[in-house]
Protein chains: 2
Amino acid sequence: MSISLIIVEDLKEVRDGLKNFIGLSSDFKVLDTFQTAEEALIEIPRLKPDIVIMDINLPGMSGIECIRLIKNKTPATQFMMFTVYENDEKVFEALKAGASGYLLKSTGLVQLIESLKELHNGGSPMSANIARKLVNVFQKNETNLPEIETLTFRENEMLQMLAKGLLYKEIADKMNISINTVKQHIHNIYEKLHVQNRTEAINKALGKK
Amino acid sequence: MSISLIIVEDLKEVRDGLKNFIGLSSDFKVLDTFQTAEEALIEIPRLKPDIVIMDINLPGMSGIECIRLIKNKTPATQFMMFTVYENDEKVFEALKAGASGYLLKSTGLVQLIESLKELHNGGSPMSANIARKLVNVFQKNETNLPEIETLTFRENEMLQMLAKGLLYKEIADKMNISINTVKQHIHNIYEKLHVQNRTEAINKALGKK
DNA sequence: TCAGTCCACTAACTTTTGTTCTATTGTTGA
DNA sequence: TCAACAATAGAACAAAAGTTAGTGGACTGA
């Protein structure tokens, strides 16, 4: 069974180039191609392709917006971004919208074919720089405040519960201590983190930007 | 200039197999291999390899802990996880600790060589499933609650300030309205989001798991 | 072994948050 | 034009959060 796909790309040369090259492989079947997100919006839910190759910069609606709008109508379809944009904003926005792969247009055609297979196989092929961007997000989020490490075991427990939105009373019950003790622990946390209230403590401890 | 590397892996067959195979390529130079994280901990900062291939499950200290401890001593060294673990916890923990690539041991040797080059080139090579895990994190974090959309403009403003940990009084001053109005708006937010307090509202609105 | 420190704990008190009820004004869509 | 909604606000009250002061046990270095 070959992999069905649709191409959304406004430039005729790129669109036809992709279609012709991918069509050479018996593993794929190009169902149709579109120049605009608006057309794709109507046709993709009808054709239900395995994969959509999506450009970002289209006349009118962007490719990202297009994915956002149809993602939940066609849950089985996988979206592969294929674009020149490699700035963080576009990358993260596209992934959040529902794309599962992200290739730059500098990618070779042979590599593209491999990536499409990988995508269909449950992977998330990405150009080298793009993958690194994702990894960086994790590393940056790593909380590394020296203050946090001075928290005692009990204080850390408190912080976790605090972050869930539990009341002092609920924390006290769960830990079998008096509500006053809870208050004292939390007060100590605030001092160590140099904050004034619950929300600031949570923001600081759980690595917000 | 060839890429220098170090292998940390407790199983002799795997360790020697990697060393011999990678050694065949003139692009790489295997500086040394270690069986434990404890040995690696001392030698890596001294040898300053371009790349470390790191197993997770080692006798004694884990490979992840090892990376965490030396990452800031050797900022130029890139860490490639090479392991059988593909559960979320290990993957994210490793990336947070400072790994930039994550390959499963099922990866073919030729693919491994390619991935090492990609890593050295600023990419973040990952096995297909691993990459998909990362992408999923982004997609899950995407707030998609129908309730949020029913919030009015003013309510959304409140929510943003609330999330910063501002007091009602501070919000009132900033918006030039009475503190009673602030209370009223926030009360309405809580009703719409079906929550009981500030922390729950923030958690719900800002897409915590 | 003794002084100093840290941790877990508690009570009494103040401030902030959250609820409830009422009411006015301006906007909008059926 | 009428109903619904958004934004505003006062006021009284209840509940939760946060502050301050202090106790006792365990450990630690001199």
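In what follows, chains are A, B, ... by sequence order, proteins preceding strands, each numbered from 1.
- Phosphate proximity of dT19(D) to His187(A): present, with a side-chain N or O under 4.0 Å from OP1 or OP2.
- In this structure, Asn156(B) atom CG and dA7(D) atom P are separated by 10 Å, rounded to whole Å.
- Using a distance-only test at 3.5 Å, with no hydrogens or angles considered, a donor-acceptor pair links the side chain of Glu200(A) to the main chain of Gln196(A).
- Side-chain contact, Glu65(B) with Ser62(B): no donor N or O sits under 3.5 Å from an acceptor N or O.
- Atoms CG (Leu162(A)) and P (dA16(D)) sit 15 Å apart, rounded to a whole Å.
- Side chain Gln196(B) to base dA15(D): no donor-acceptor pair is found below 3.5 Å.
- Glu155(A) comes within 4.0 angstrom of nothing in the nucleic acid, heavy atoms only.
- Atom NZ of Lys183(B) is separated from atom C1' of dA9(D) by 12 Å (rounded to the nearest Å).
- In this structure, the side chain of Arg15(B) engages the main chain of Asp10(B) through a donor-acceptor pair within 3.5 Å.
- Distance Phe153(B) CZ to dA6(D) C1': 13 Å, rounded to the nearest Å.
- In this structure, Ser178(B) reaches the dG10(D) phosphate: one of its side-chain N or O atoms is under 4.0 Å from OP1 or OP2.
- Rounding to whole angstrom units, CG of residue Asn176(B) and C1' of dA9(D) are separated by 14 Å.
- For Lys105(A), the NZ atom is densely surrounded, since the number of other residues' heavy atoms within 6.0 Å is greater than 12.
- Summarising the geometry, atom OH belonging to Tyr85(A) is positioned 9.0 Å from atom CD1 belonging to Ile64(A); distances are rounded to the nearest 0.5 Å.
- Between the CD1 atom of Ile179(B) and the P atom of dT8(D) there is a distance of 14 Å, rounded to whole Å.
- From the 5' end on, the contacts that DNA chain C makes with chain B at under 4.0 Å to a non-hydrogen atom open and close at dT16(C) to dC21(C).
- Under the 3.5 Å distance criterion, with hydrogens and angles disregarded, no donor-acceptor pair is assigned to the side chains of Asn180(A) and Gln184(A).
- One interatomic measurement links the two molecules: CG of Asn188(A) to P of dA21(D), which rounds to 14 Å at whole-angstrom precision.
- If you check dA17(D), dA6(D), dA7(D) against the side chain of Tyr168(A), the one that comes closest is dA17(D).
- A distance of 8.5 Å separates OG1 in Thr199(A) from CG in Leu162(A), rounded to the nearest 0.5 Å.
- Here dA17(D) presents its P atom at 18 Å from CG of Leu166(B), a figure rounded to the nearest Å.
- When heavy atoms are screened at a 4.0 angstrom cut-off, Asn197(B) is found touching the sugar-phosphate backbone but no base atom.
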